[in-house]
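Below, all heavy atoms of this structure are taken into account, side chains as well, without hydrogens, waters or symmetry copies. The chains referred to below are lettered A, B, ... by the order of the sequence lines, with proteins before strands, and numbering in each begins at 1. These numbers were taken from a predicted model, which means no experiment stands behind them.
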Amino acid sequence: MNIIDILSNEIKIAVKELYNSDIDKKQVQVQKTRKEIAGDYTINVFPLLRISKQKPEETANAIGETLLNNTEIIENFSVIKGFLNIELKQEIWINFLKNNYSLQEFGQADITNKTLMIEYSSPNTNKPLHLGHIRNNLLGFSVAEIYKKAGNNVKKVNLVNDRGIHICKSMLAWQKFGNGETPESTGLKGDKLVGNYYVKFDQEYKKEVAELINNGIEKEAAEKTAPLLLEAQKMLIKWEAKDPEVYSLWKKMNEWVYKGFDITYKNLGVDFDKIYYESETYLLGKKIVQEGLIKGILFKKDDGSIWADLTNDGLDQKLLLRANGTSVYMTQDIGTAHQRFSEFNIDNHIYVVGNEQNYHFQVLKLILKKLGYDWADNIYHLSYGMVELPEGKMKSREGTVVDADDLIDEMINTAREKSQELGKLDEYSDAEKEQVYKTIALGALKYFILKVDPKKGMMFNPKESIDFNGNTGPFIQYAYARIRSILRKAKESNIDFSSITSTELNEKEISLIKSNYDFPETVLNSASNNNPALIANYVYNLVKEFNQFYHDFSILKEENSEIKIHRLAIANFTGTTIKNAMKLLGIEVPERM
RNA sequence: GGUUUGGUAGCUCAACUGGAUAGAGCAAUGCCCUUCUAAGGCAUAGGUUCUGGGUUCGAGUCCCAGCCGAAUCACCA
């Protein structure tokens, strides 16, 4: 039981004792005391005034006195307006330090026996990954880590969009203009090569359209009848019929893309337990739709197409099967959701998908519910805001897309330059140095993305490179490296801090211990809010706290060995917490930097 | 036009889900390396939380109206 729970209980008892009234949890507001004010926890007594029928100050004082008499953990209290500030006995914090400072897994919650599936990434095979995908991947991976830390069993899945007209476009362009180019022959990453042909298609297609318009054809008609487009559509039909030639080309080009993606995924440090391909799932869901029709939940239009009527729920009608019997995106999602819930016995399913698809997921949930699936309530759309550039949205056609690989390379270059300038890694081999540069570069990038509340849109300015100072990944990594340096030196001088006694701690030491204490709760909070930014903010505050402590007090040069040992324990504890918190963001921490 | 969503310092973001004097970083101006790593610390300056109403002990947070931006409303995925 944590301290807030203990205090809440004690307050309930005190109120019962004082005013002979039972109160529920909502009326007990225990929060951490603001920094400028003395105390550890603050009780807001305003909600209790109706019961006490006294002034705020009187109520607060009465409760304070009662708590002080009833419990062993409180040292003192003070009252400011309607706020009762409670100061705990120091031994509470020292005991907490003793019991936890050498725990490697600090922050790990008890096992919940819940399994949840997280779908993220979900790329198209016709375009290389860009900054928007980076946000998706980092969020998905981080949320998965956070849920694990919160005690859940987590399955990470990726649904690759590997079929459709857009894929045929790149295939066709490669066939026509590619001259047999391969990733090997060009030295290009496979996803880049294929992406180039997708762009090539668009260029050639536009030329054709322009020519048709020149020849006096209406714009709309020209766009629909350009030979390249017709050819691509033919190709899709051939693909669906598993035409050997088209199919093997499709396989070959997809392989190139996957090899390219794998490199990017590896650099980003994300992975999956299972990868689904739309080419294998796009027919799912048809049966369910047919059943829904029979049950009268769905309806058929005159042309034979099948629809869900959601107008009573304030939404539109939604097509689920075309007149020719082929399925749409929604059909597939109904099918895959059903497949996953029955196949894996999962309790919850999180979809990490951009907020442009809010409507889609709203409809999906509603249709599943109408079809009678109870688990529809356990679907959660983790909707995140778009990454915008100063000029607005990224547009591939205008060449404003920030490529994932390029961005990572750039970050590594910056980290290398900066690091070489500082020259603190001289003891390392070149390979070790490169490893540190990469750790720092990705730390900066990941932290930059994850510190922002997922549901909000965010701004990225490519002209101003991502910072390495201030509220950044490297700032936190740096604090960790300093802690490691101290601990190495302590080891060299054979200072043993494996057992600590009790001693008087100063304010900064206490407040550092308190900051560490908040970590497990932050993990749970972050999980229930699906928000890695809470972890990022937490670890930033922890590090700021530590840096002040580091600046104000010497650890190894402290003469009183009792105090020195405590400070080492606190440093060790803080280092572990930093490491564990950063791991939840998918960020590594270096021994030196 | 309907729906959803956002608007906080010059810029990028916080604010423990309705609590005390709205906080950080960047940028600006100073100060601190013979002291455990200066990718650090300290200080100054920067605000009518888009506007106007309302709800209550108390509103950046909830409700209503308006202004501005974004997304979406496809037999695309």
Side-chain angles (χ1 to χ4, degrees), chain A residues 29 31-37 42 44 46-47 49-50 56 80-83 85 122 124 161 163-167 278 282 301 303 305 307 314-316 318-324 326-330 332-333 354-360 362-363 383 385-386 388 390 392-393 415 418-419 421-422 424 440 444 448 451-453 455-461 464 466-479 481-490 518 521-522 525 529 533-534 536-538 540-541 543-544 547-548 550-558 567 571 592-593:
Chain A
Q29 290 185 15
Q31 51 205 252
K32 276 174 271 169
T33 302
R34 294 175 63 110
K35 258 198 164 167
E36 323 81 72
I37 297 166
T42 294
N44 182 351
F46 278 109
L49 297 184
R50 283 188 185 174
I80 304 171
K81 293 188 218 163
F83 297 94
N85 302 306
S122 309
N124 282 323
N161 176 5
R163 63 168 287 277
I165 187 75
H166 48 291
I167 313 295
E278 286 197 7
Y282 79 106
K301 286 196 177 174
D303 64 356
S305 56
W307 297 71
L315 303 173
D316 296 323
K318 181 74 194 175
L319 175 85
L320 296 178
L321 274 182
R322 296 188 184 103
N324 63 12
T326 55
S327 59
V328 293
Y329 181 41
M330 185 61 76
Q332 171 188 268
D333 267 8
N355 61 12
E356 55 203 352
Q357 291 194 36
N358 284 353
Y359 182 76
H360 173 79
Q362 200 187 345
V363 171
S383 158
M386 297 290 105
E388 282 197 27
K393 246 188 117 175
K418 179 105 189 178
S419 190
E421 210 174 279
L422 295 168
K424 293 181 188 173
I440 295 168
F448 177 81
K451 77 172 176 187
V452 181
D453 188 333
K455 63 175 181 286
K456 291 195 177 176
M458 65 179 291
M459 178 64 76
F460 174 77
N461 189 345
E464 302 165 13
I466 293 174
D467 254 307
F468 286 70
N469 301 318
N471 186 359
T472 67
F475 172 89
I476 293 158
Q477 291 171 319
Y478 181 67
R482 295 214 289 199
I483 290 171
R484 296 304 299 165
S485 170
I486 290 173
L487 295 174
R488 276 194 301 272
K489 288 190 171 136
D518 291 334
E521 195 195 315
T522 306
N525 197 12
N529 285 296
L534 299 179
N537 290 336
Y538 163 79
Y540 174 63
N541 281 318
V543 163
K544 263 208 321 195
N547 282 345
Q548 287 166 1
Y550 179 93
H551 180 265
D552 292 351
F553 302 97
S554 182
I555 296 172
L556 293 171
K557 292 192 176 142
E558 169 59 41
R567 288 184 184 165
R592 298 170 204 267
M593 69 181 273

Report, as a single string ordered 5' to 3', how protein heavy atoms within less than 4.0 Å touch nucleotides 59-65 of chain B: B base, S sugar-phosphate only, - not at all. -------
So what does A/Ser419 touch, heavy atoms closer than 4.0 Å: a base, only the sugar-phosphate, or nothing? base
List every contact pair, protein side and nucleotides 42-46 of chain B side both N or O, where the distance is under 3.5 Å.
from   : atom 1 : to       : atom 2 : distance (Å)
B/rC42 : OP1    : A/Gln548 : NE2    : 2.9

Once you apply a heavy-atom cut-off of 4.0 Å, does A/Glu521 come out as touching a base, just sugar-phosphate, or nothing? nothing
What's the gap between B/rA39 and B/rA22 when it is taken at their C1' atoms, as a whole Å value? 29 Å
At under 4.0 Å between heavy atoms, what does A/Asn85 touch on the DNA or RNA strands: base, sugar-phosphate, or nothing? base
With A/Asn469 via side-chain hydrogen bond (donor to acceptor under 3.5 Å, both in side chains) - residues at least two apart: none
Say we look at B/rU61 and B/rG6: how far apart would their C1' atoms be, to the nearest angstrom? 14 Å
Base, sugar-phosphate alone, or nothing: which one does A/Ile37 contact when heavy atoms must sit under 4.0 Å apart? base
With rounding to whole Å, what would you report as the distance between B/rC33 and B/rC42 at their P atoms? 16 Å
Please list, chain by chain and in numerical order, all residues satisfying side-chain contact (heavy atoms from CB on, under 4.5 Å) with A/Gln357, sequence neighbours excluded. A/Tyr329, A/Val353, A/His360, A/Phe361
Rounding to a whole Å, what distance do you find between A/Tyr359:OH and B/rU72:C1'? 9 Å
Counting only side-chain N and O atoms of A/Tyr329, is one of them less than 4.0 Å from OP1 or OP2 of B/rA77? no
With A/Ser122, which residues qualify under side-chain hydrogen bond (donor to acceptor under 3.5 Å, both in side chains), at least two apart? A/Glu119
Protein-nucleotide distance (A/Gln362, atom CD; B/rA71, atom C1'), rounded to Å: 13 Å
Separation of atom CG in A/Asn529 from atom P in B/rU17, rounded to whole Å: 10 Å
Which residues share a side-chain hydrogen bond (donor to acceptor under 3.5 Å, both in side chains) with A/Asp316, sequence neighbours left out: none
Please report, rounded to the nearest Å, how far the C1' atom of B/rA39 is from the CZ atom of A/Arg592. 16 Å
Can you measure A/Tyr478 atom OH to B/rC33 atom P for me and round it to whole angstrom units? 15 Å
Reading nucleotides 22-30 of chain B 5' to 3', which nucleotides get B (base under 4.0 Å from a protein heavy atom), which S (sugar-phosphate only), which -? -SSSS----
Provide, to the nearest angstrom, the distance between the CE atom belonging to A/Met593 and the C1' atom belonging to B/rA39. 5 Å
Pairwise P distance for B/rA27 and B/rG66, with rounding to whole Å: 42 Å
For a quick check of understanding: with a heavy-atom distance under 4.0 Å over all strands, which category does A/Lys424 fall into, base, sugar-phosphate or nothing? base
Classify A/Glu278 by what it touches in the nucleic acid, base, sugar-phosphate, or nothing, heavy-atom distance under 4.0 Å. sugar-phosphate
For every nucleotide of nucleotides 6-12 of chain B, 5' to 3': is a protein heavy atom under 4.0 Å from its base (B), only from its sugar-phosphate (S), or from neither (-)? -S----S
P atom, B/rA43 versus B/rC36: distance in rounded Å? 22 Å
With A/Arg322 via side-chain contact (heavy atoms from CB on, under 4.5 Å) - residues at least two apart: A/Leu319, A/Asn324, A/Thr326, A/Val328
Considering only B/rU37, B/rG19, B/rA77, which nucleotide approaches the side chain of A/Gln31 most closely? B/rG19
What does A/Leu49 touch in the nucleic acid at a heavy-atom separation under 4.0 angstrom: a base, only the sugar-phosphate, or nothing? nothing
Which residues satisfy the side-chain contact (heavy atoms from CB on, under 4.5 Å) test with A/Asn358, sequence neighbours excluded? A/Asn355, A/His381, A/Ser383
Between the CG atom in A/Leu556 and the CZ atom in A/Arg567, the distance rounded to the nearest 0.5 Å is 11.0 Å
Using the rule given for side-chain contact (heavy atoms from CB on, under 4.5 Å), can you reason through A/Lys418 versus A/Ile440, listing the C-alpha separation, both sets of side-chain angles and the distance that settles it, and then say yes or no? CA-CA 10 Å; A/Lys418 179 105 189 178; A/Ile440 295 168; over 6 Å; no
Selected nucleotide, minimal atom distance to A/Glu356 side chain, candidates B/rG19, B/rA71, B/rA39: B/rA71
For A/Asn355 and B/rU72, give me the distance from atom CG to atom P, rounded to whole Å. 8 Å
Using the P atom on both, measure B/rU49 against B/rG60 and round to a whole Å. 7 Å
Is a donor-acceptor pair below 3.5 Å formed from side chain A/Asp303 to base B/rC75, judging by atom type as modelled? yes
Mind checking A/Phe46 for me? I need base, sugar-phosphate or nothing, with any heavy atom below 4.0 Å counting as a touch. base
Pick base, sugar-phosphate or nothing for A/Phe553, based on heavy-atom distances below 4.0 Å to the nucleic acid. base
For A/Ala481, all residues meeting side-chain contact (heavy atoms from CB on, under 4.5 Å), sequence neighbours excluded: A/Met593
For the side chain of A/Arg482, starting at C-beta, report the closest nucleotide among B/rA20, B/rA38, B/rG19. B/rA38
With A/Gln548 via side-chain hydrogen bond (donor to acceptor under 3.5 Å, both in side chains) - residues at least two apart: none
Would you mind classifying the nucleic acid contact of A/Asn525 as base, sugar-phosphate or nothing, using non-hydrogen atoms under 4.0 angstrom? nothing
For A/His360 and B/rU4, give me the distance from atom NE2 to atom C1', rounded to whole Å. 16 Å
Any N/O donor-acceptor pair, A/Lys557 side-chain to B/rU35 base, under 3.5 Å: no
With a centroid cutoff of 5.5 Å and a plane-angle limit of 30°, would you call A/Tyr550 stacked on B/rG40? no
When all nucleic acid strands are considered with a 4.0 Å heavy-atom cut-off, which category describes A/Lys81: base, sugar-phosphate, or nothing? sugar-phosphate
Kindly say if A/Asn547 contacts the phosphate of B/rG41, meaning a side-chain N or O under 4.0 Å from OP1 or OP2. yes
Between A/Ser485 and B/rU37, does any side-chain N or O lie under 4.0 Å from OP1 or OP2? yes
Counting distance only, does the side-chain N/O of A/Lys451 pair as donor-acceptor with the main-chain N or O of A/Asn471 below 3.5 Å? yes
Taking the side chain of A/Ser554 as heavy atoms from C-beta outward, which of B/rC36, B/rA20, B/rA39 is closest to it? B/rC36
What's the gap between B/rA74 and B/rU56 when it is taken at their P atoms, as a whole Å value? 42 Å
For A/Arg322 and B/rA74, is the shortest distance between a side-chain N/O and OP1 or OP2 below 4.0 Å? no
With a 4.0 Å cutoff (strictly under), does any side-chain N or O of A/Lys318 reach OP1 or OP2 of B/rC75? no
Among B/rA70, B/rC73, B/rA14, find the nucleotide with the atom closest to the side chain of A/Asp453. B/rA14
